[in-house]
Number of protein chains: 2
Amino acid sequence: MPKRENISMSVIRRLPRYYRFLLQLQKSGVVRISSTELSARLGLTASQIRQDLNCFGGFGQQGYGYMVEQLAEAIGNILGVSNRYRTVLFGAGNLGSAIAAHMNFKDLGFDLIGIFDNAPSKVGSIIRGIAVQDTKNFPAFYAQQKPEMAVLCTPRTAAERIVDHLYQLGIRNYWNFTHYNIAMKYPDTLVENVHLNDSLLTLCYQISNQEGNEH
Amino acid sequence: MPKRENISMSVIRRLPRYYRFLLQLQKSGVVRISSTELSARLGLTASQIRQDLNCFGGFGQQGYGYMVEQLAEAIGNILGVSNRYRTVLFGAGNLGSAIAAHMNFKDLGFDLIGIFDNAPSKVGSIIRGIAVQDTKNFPAFYAQQKPEMAVLCTPRTAAERIVDHLYQLGIRNYWNFTHYNIAMKYPDTLVENVHLNDSLLTLCYQISNQEGNEH
DNA sequence: TAGATTGTTAATCGATTAACAATC
DNA sequence: TAGATTGTTAATCGATTAACAATC
């Protein structure tokens with residue numbers, strides 16, 4: 001791998017979009033694309049796209065552009081999609097079940113290998129071929145499977161307890177749907193938060209404050 | 001309302017967090033808080049918090065700090081939580097059902113008043129007290145209820161058709177879980193995207209590229 | 001009054017955009 | 001070679017942080 005170091009989050013958050021779009025182009029048979037065309041289709045500037053890509057190396061060819069397939073593969077590698085991070089999910093309620101059933105973990109670098117909940121009513125139900133286990137079983141499961149990432153879809157208070165436990169076992173990577181601030185308590189963790197409430201509130205703000213709606 | 005104009009998205013995206021945290025403080029009986037204390041608890045700088053709040057007005061008192069209850073209420077008003085934007089949701093699959101059942105729309109400025117899907121197997125099922133209707137019924141529903149926001153939880157291709165339809169009817173506000181780029185096609189819409197795949201890929205990148213993991 | 005903490009201006013830092021030389 | 005488009009440096013823009021005067 002070439003350069004790579006101190007890549008800003010702004011850049012990293014654009015990579016999945018590039019990746020997604022390039023795969024789409026590839027599927028529709030496009031072989032080559034220029035930064036200008038990419039920028040037009042994505043609503044960004046060509047400059048930004050070239051700048052972003054060049055954080056990781058020169059994938060293009062002067063006077064020609066980028067090979068779609070090759071660039072898609074390169075970005076996939078940068079993102080690490082062919083990793084198989086063993087993943088467990090906590091909280092088999094509405095949201096947790098949906099995430100387990102809906103997400104294509106495999107294509108995104110993760111293997112979902114276990115689902116845990118402490119409600120007896122949930123334990124035993126099958127989601128995407130995985131039986132929900134009692135959270136009590138997790139220590140034994142951990143010892144055997146050594147998962148390295150945890151998805152948190154529990155209520156907030158449960159999340160605090162669970163993270164204490166997972167952290168102590170050695171899990172440092174979290175996809176966090178709760179409002180519990182993991183990184184604040186454990187600074188050496190790696191947390192990606194999904195705050196659905198905050199997202200919806202942002203929309204609420206925008207609707208309330210858009211032009212012609214200042215009541 | 002005082003100032004307010006050209007508030008940057010960076011600021012707006014922090015407001016829900018302030019709001020959430022202040023409600024929590026309020027519940028635990030805290031009456032007053034300084035920007036310094038807030039900053040420590042949230043992991044931000046005091047300067048940033050004061051700067052953010054002063055986009056909307058002076059809510060504090062020199063030498064004293066901010067009244068928790070009053071500030072929470074002010075931010076709630078800025079966000080518009082007491083709005084009752086009539087909302088419909090499209091796509092009663094795993095994700096859509098979970099969003100419908102899990103989100104507290106009421107507390108966040110929205111009223112979920114209808115759920116639509118075009119799979120006969122879904123139509124008629126009840127989610128959070130709302131019967132899923134056939135998408136075919138939407139025009140009649142729209143004429144009666146005039147919803148003003150739509151949540152999109154369908155596959156991407158369905159989303160394109162649905163948005164064309166909703167846009168033509170006059171709906172301009174979207175909470176979009178699909179990868180269809182609404183704002184690109186309809187620039188006068190207001191769209192809040194939730195891209196779960198992108199979020200997970202970002203985590204994948206971070207795990208793959210964290211210190212001591214450069215394989 | 002003295003101490004504390006805001007509101008606000010100025011300085012810094014980082015991210016985006018523009019420009020252009022290198023080169024395919 | 002001429003035309004096109006990248007890679008990269010420099011200029012601009014915006015967001016964050018620091019500093020401090022105003023004031024409760």
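In what follows, every chain begins at residue 1, and chains take the letters A, B, ... in the order their sequences are listed.
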Closer than 3.5 angstrom, by distance alone: can the side chain of A:Thr154 be matched with the main-chain N or O of A:Gly91 as a donor-acceptor pair?
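Looks like no, no N/O pair under 3.5 Å.
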Could you tell me whether the side chain of A:Gln210 and the main chain of A:Ile207 form a donor-acceptor pair under 3.5 Å?
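Side chain of A:Gln210 to backbone of A:Ile207: a pair is present.
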Under the ring-ring contact (aromatic ring centres under 6.0 Å, His included) test, which residues partner A:His102, sequence neighbours left out?
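So A:His102 forms no ring-ring contact (aromatic ring centres under 6.0 Å, His included) with any residue.
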What ring-ring contact (aromatic ring centres under 6.0 Å, His included) pairs are there with at least one residue in residues 17-55 of chain B, not counting sequence neighbours?
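Qualifying pairs: none.
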So do the side chains of B:Leu196 and A:Val194 get within less than 4.5 Å of each other, counting heavy atoms only?
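Yes - at least one pair of side-chain heavy atoms lies under 4.5 Å apart.
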Under 3.5 Å, which protein N or O atoms sit close to an N or O of nucleotides 16-18 of chain D? Give each pair with its distance.
| from | atom 1 | to | atom 2 | distance (Å) |
| --- | --- | --- | --- | --- |
| D:dT16 | OP1 | B:Arg14 | NH1 | 3.2 |
| D:dT16 | OP2 | B:Arg14 | NH2 | 3.1 |
| D:dT16 | O5' | B:Gln48 | NE2 | 3.1 |
| D:dT17 | OP2 | B:Thr45 | OG1 | 3.1 |
| D:dT17 | O4 | B:Gln51 | NE2 | 2.4 |
| D:dA18 | N7 | B:Ser47 | OG | 2.6 |
| D:dA18 | N6 | B:Ser47 | OG | 3.3 |

State which residues pass side chain to side chain donor-acceptor pair (under 3.5 Å) with A:Arg86; sequence neighbours excluded, sorted by chain then number.
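By the side chain to side chain donor-acceptor pair (under 3.5 Å) rule, A:Arg86 matches no residue at all.
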What residues form a side chain to side chain donor-acceptor pair (under 3.5 Å) with A:Thr87, not counting sequence neighbours?
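Scan of A:Thr87 (side chain to side chain donor-acceptor pair (under 3.5 Å), adjacent residues dropped) gives none.
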So what stems show up for DNA chain C if we need 3 or more Watson-Crick or G-U pairs in a row, all under 3.5 Å?
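So the stems come out as C:3-24 with D:3-24.
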In this structure, are over 12 heavy atoms from other groups packed under 6.0 Å from A:Gln48 atom CD?
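Enclosed: over 12 neighbouring heavy atoms sit under 6.0 Å from CD of A:Gln48.
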Nucleotide N/O to protein N/O under 3.5 Å, stretch nucleotides 22-24 of chain D:
| from | atom 1 | to | atom 2 | distance (Å) |
| --- | --- | --- | --- | --- |
| D:dA22 | N3 | B:Gln62 | NE2 | 3.4 |
| D:dC24 | O3' | B:Gln61 | NE2 | 2.6 |
| D:dC24 | O2 | B:Gln62 | O | 3.4 |

Spacing of [X] atom [atom1] relative to [N] atom [atom2], expressed in whole Å:
{"X": "B:Ile7", "N": "D:dG14", "atom1": "CD1", "atom2": "P", "answer": "14 Å"}
{"X": "A:Phe59", "N": "D:dT6", "atom1": "CZ", "atom2": "P", "answer": "14 Å"}
{"X": "B:Asn6", "N": "D:dC13", "atom1": "CG", "atom2": "P", "answer": "15 Å"}
{"X": "A:Met67", "N": "D:dT6", "atom1": "CE", "atom2": "P", "answer": "13 Å"}
{"X": "A:Ile49", "N": "D:dG7", "atom1": "CD1", "atom2": "C1'", "answer": "14 Å"}

Once salt bridge (Lys or Arg N to Asp or Glu O under 4.0 Å) is applied, do any residues pair with B:Arg156, and if so which ones, sequence neighbours excluded?
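Scan of B:Arg156 (salt bridge (Lys or Arg N to Asp or Glu O under 4.0 Å), adjacent residues dropped) gives B:Glu160.
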Could you list the residues that satisfy salt bridge (Lys or Arg N to Asp or Glu O under 4.0 Å) with A:Lys185, not counting sequence neighbours?
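For A:Lys185 the salt bridge (Lys or Arg N to Asp or Glu O under 4.0 Å) partners, ignoring immediate neighbours, are A:Asp164.
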Contacts under 3.5 angstrom, residues 105-119 of chain B side chains, donor-acceptor by atom type, not counting sequence neighbours:
| from | atom 1 | to | atom 2 | distance (Å) |
| --- | --- | --- | --- | --- |
| B:Asp111 | OD1 | B:Arg84 | NE | 3.4 |
| B:Asp117 | OD1 | B:Ala119 | N | 2.8 |
| B:Asp117 | OD2 | B:Ala92 | N | 2.6 |

Shortest non-hydrogen contact between B:Arg128 and B:Ala101, atoms and distance
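Looking at all heavy atoms of both residues, the closest pair is NE-O, 3.1 Å.
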Strand-adjacent residues in residues 26-40 of chain B, judged by heavy atoms under 4.0 Å from DNA chain C:
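Only B:Arg32, B:Ser34, B:Ser35 qualify.
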Which pairs would a plain distance check flag for residues 166-175 of chain B, meaning a side-chain donor or acceptor within less than 3.5 Å of a matching protein atom at least two apart in sequence or in another chain?
| from | atom 1 | to | atom 2 | distance (Å) |
| --- | --- | --- | --- | --- |
| B:Tyr167 | OH | B:Asp188 | OD1 | 2.7 |
| B:Tyr167 | OH | B:Asp188 | OD2 | 3.0 |
| B:Arg172 | NE | B:Asp188 | OD2 | 3.4 |
| B:Arg172 | NH1 | B:Tyr167 | O | 2.8 |
| B:Asn173 | ND2 | B:Glu148 | O | 3.1 |
| B:Tyr174 | OH | B:Ile171 | O | 2.7 |
| B:Trp175 | NE1 | A:Ser199 | OG | 2.9 |

